[in-house]
Amino acid sequence: MKAHLTELLFSVVKQITDYTDSSIIIIDRPKIISHGDFSTNLCLILSKKLKKSPRDVAAIILDKIPPSDLITKIEIAGAGFLNFFLSSKANNVIINSALNLKNDYGKNQTGNHQKIQIEFVSANPTGPLHIGHGRGAAIGDCLARLFEASGWIVTREFYYNDAGEQINNLARSVKASCQNIPTDDPKFPSDGYHGEYINEIAKDFLSMETIECQGESIKASGKIKDTKSMQEFSVAYLRNEQDQDLIAFRTKFDVYSLESSFYENGKVEKVVNTLIKEGHTYEKDGALWLKTTNFGDDKDRVMQKTDGSYTYFIPDVTYHLDKWERGFKKVINEQGADHHSTISRVRAGLQGLNKNIPKDWPEYVLHQMITVIKGNKEIKISKRAGSYLTLRELINEVGCDATRYFLVARRPDSQLVFDVDLAKSQNNNNPVFYIQYAHARISKVLEQWGGDISTLKLDDSFTFDSQAELKLIKSIGIYPEIVLQATNELAPHQIANFLKDCAAELHSYYNDSKFLVEDEKIKIARLSLINSAKYVLRNGLHLLGIEAPQKM
RNA sequence: CUGCCCGUAGCUCAACCGGAUAGAGCACCAGUUUUCUAAACUGGGGGUUACAGGUUCGAUUCCUGUCGGGCAGGCCA
């Protein structure tokens, strides 16, 4: 519909100016219903160039614009806006389009089958997933679903930091637990992990349990001095836990990349050598430094420590080079904002490799921290202190649907308050139930009707006239635009907000009109309308990874 | 001290990358059911968009400064 309007307007623009590109035409959706279905500020933009007042330009365009049976009225308004009002035929086109496309309604092909890789969660295997990882999982997975809906070939990926200092720390903590050293004992590792899960791992390690992890069996040796086995077992144990958390959260990954693998296949070494060869390094204080200041960082960073091991960002750079070499021209990393300082380092490292990787590659979506409130008290999340609200607990208490909704319904870069009591209370007005209820209501009406849903179609001559109907149709018509916009702006929260609005229109309509009426023509029209709304609600919920129940 | 994010109704948050009268939900007040699910609907009050300047036809949005909150600034990740 937008494209249609752009075409009409551009045919006039070509006549009265020398523009050869339709990109100056911006079609908006007005906020206020009396301003019509679409509007454009085109005349305000052209007024300077044509040296005429915006309203005069509007009059000229109005005079020359070709007629269309999808538009019933065009108005000049305000400072010189053009407002377009859709005809009832256009409304019927929208509804029939949704009825025809069904599960595909709302999708677009702007991605043109290009490859995109989205990395998210990527939690260290040093503890169970918490609510912050949940936010990452919800946002990352929804982004993946959005890009799929926009015609991209998506790879979902999880990166495990299963090497390095944090893992040594984990092994030390488990070892201390095996030796029955209490966490408040001075002999307990000072920066060790304190959670109860450490004791669980220790217990299973000592009783020589076997853990299944991504198709591999890892058996604990049970020997306290066997640091290697303890480390392997602990990592496998926690990866297994995290995998189960993610399954419970309906989040699947296509590829798991392991930090350790980049050491094993020699790629880390190769990256280091390339950086040295390209002249971006120097030695100081017994360490090897990367000149990240060459690429916009505010100070240089150590890349090889005095003990010979590498700092975390070298394997990170290696991993990202690997992504690049796998052919991903578009990569999005979803992570917590507390890691934002890695961005400049990873990008600097990639630039230093001199491989013609774009400066702003990869893209990042950073989500801000979450404040968890339970019983009117804030829960501090700290892995090391052991105070913890795990994602699993949250799913068990609140449910997967509600958890996903609340975690994705806010802009990633705003801090969010998650009130556990509010989210889990069943009798409360919960937006998730509100949306699902709208879907269930439609399903029930269609079921009571008992006809063949696939035959529902709107007659060209039918005219909807109630406010409730027109508002619902508008919501259905706008849905594909929301999907595209949410994809382009990396903003899945827009889907959540849209669905709440769309459900509200449906509920209003439901209360306003009866659907199963005597008049066959009216009945079919109304059922066609709510069935198209059903596809929108279901498809939108699917983008959020939330179920659309037939009844509640 | 430096960098990044944020500041919008009592609370939780939107606002289509500069547009028209800043919108929802919760909470509060008043109503709606002999009807396809009242987990719903209808109406009402509530705002100097933290503050002060600047840019222009027009600013919640862009720029500068101030105040306030969060996160970073490890040879941790």
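Each chain gets a letter, A, B and so on, in the order the sequences are listed, and its residues count up from 1.
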side-chain hydrogen bond (donor to acceptor under 3.5 Å, both in side chains) against A:S466, all qualifying residues, sequence neighbours excluded: A:E469

Could I get the full list of side chain to side chain contact (heavy atoms under 4.5 Å, CB included) partners for A:T487, not counting sequence neighbours? A:L146, A:F147, A:S150, A:V483

All side-chain hydrogen bond (donor to acceptor under 3.5 Å, both in side chains) counterparts of A:E334, not counting sequence neighbours: A:H367

Tell me every residue that passes side-chain hydrogen bond (donor to acceptor under 3.5 Å, both in side chains) with A:Y310, counting only those two or more places apart in sequence or in another chain. A:E269

Taking only residues two or more places apart in sequence, or in another chain, which ones meet A:H340 in a side-chain hydrogen bond (donor to acceptor under 3.5 Å, both in side chains)? none

Taking N or O atoms only and anything under 3.5 Å, show me the protein contacts with nucleotides 69-71 of chain B, one pair per line.
residue, atom, partner, partner atom, Å
B:rG69, N2, A:Q415, NE2, 3.1

Pairing of RNA chain B as dot-bracket, 5' to 3': ( ) intra-strand, [ ] crossing, | other strand, . unpaired, with Watson-Crick or G-U pairs under 3.5 Å? (((((((..((((.....[...)))).(((((.......))))).....(((((..]....))))))))))))....

Expected list for residues 77-84 of chain A near RNA chain B, using heavy atoms below 4.0 Å, is A:A77, A:F81, A:N83

Applying side chain to side chain contact (heavy atoms under 4.5 Å, CB included) to A:Y312 and not counting sequence neighbours gives A:D316, A:T342, A:R345

Applying side chain to side chain contact (heavy atoms under 4.5 Å, CB included), name anything that partners A:K31, two or more places apart in sequence or on another chain. none

Who passes side chain to side chain contact (heavy atoms under 4.5 Å, CB included) against A:S173, sequence neighbours left out? A:N169, A:F188, A:Y193, A:I198

Presence of donor-acceptor pair under 3.5 Å, side chain of A:S508 and base of B:rC41: no

Once salt bridge (charged side-chain N to carboxylate O under 4.0 Å, His left out) is applied, what residue pairs with a partner in residues 477-494 of chain A remain, sequence neighbours excluded? A:K2-A:E481, A:R29-A:E481

